Amino acid sequence: KEQSIASIKRPGLIETIFTESDRVILFGLVWREVFPEIADLTHMEKKQIGSSNVLLLRSVNEFIKTSGQKRQVMMILDGWR
């Protein structure tokens, strides 16, 4: 787990992410613990939170090494336009 996750829980930061961003991609399933709004998401699942489209991916390393996953993510991002 990221040791810096606790610093992200500052009041207002979570709301800022979901109100000022059209698209949010989160790498790492640990984000489900930080954002209760996405606790039900699994790898490669997306959800609308406020005005933000949110996509959860298992890991950056997996994303970088897997061409099929990159293709799927690009299709999701294209659908968000």
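Note that the structure is a prediction, hence the values are computed from the model and not measured.
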Study note, to complete from the structure: In short, ring-ring contact (aromatic ring centres under 6.0 Å, His included) pairs touching residues 49-81 with sequence neighbours left out are Phe27-Phe63

Check your understanding: Counting only N and O atoms by type, is there a donor-acceptor contact under 3.5 Å from the side chain of Ser52 to the main-chain atoms of Ser21?
Key -> yes

Point to revise | Separation of Ser51 OG from Arg23 CZ (nearest 0.5 Å) | key: 11.0 Å

**Study point:** Cluster link Val60 to Met74, ILVMFWY, side chain under 4.5 Å
**Key:** yes

Point to revise | Under the side-chain contact (heavy atoms from CB on, under 4.5 Å) test, residues paired with Thr42 that sit two or more places apart | key: Arg32, Glu45

Point to revise | Spatial distance of atom CH2 (Trp31) from atom CG (Leu41) [nearest 0.5 Å] | key: 14.0 Å

Exercise for review: Applying salt bridge (Lys or Arg N to Asp or Glu O under 4.0 Å), name anything that partners Asp40, two or more places apart in sequence or on another chain.
Suggested key: Lys47

Revision key, fill the gap. Under a side-chain separation threshold of 4.5 Å, the hydrophobic residues clustered together with Met75 are none

**Study point:** Joint cluster assignment, Leu29 & Leu57, ILVMFWY side-chain distance < 4.5 Å
**Key:** no

**Study point:** side-chain contact (heavy atoms from CB on, under 4.5 Å) against Glu62, all qualifying residues, sequence neighbours excluded
**Key:** His43, Arg58, Ser59, Thr66, Gln69

Review point. Taking a hydrophobic cluster as the set of Ile, Leu, Val, Met, Phe, Trp and Tyr residues connected by side-chain heavy atoms closer than 4.5 Å, whether directly or through intermediates, do Ile76 and Leu56 fall within one such cluster?
Key: no

Study note, to complete from the structure: To the nearest 0.5 Å, atom CG of Asn53 lies from atom NZ of Lys46 at 8.0 Å

Practice item. Could you check Ile49, Val54, Ile38 and say which one makes a side-chain contact (heavy atoms from CB on, under 4.5 Å) with Val24? Key: Val54

Review point. Can you name the side-chain contact (heavy atoms from CB on, under 4.5 Å) partners of Arg71, sequence neighbours left out?
Key: Ser67

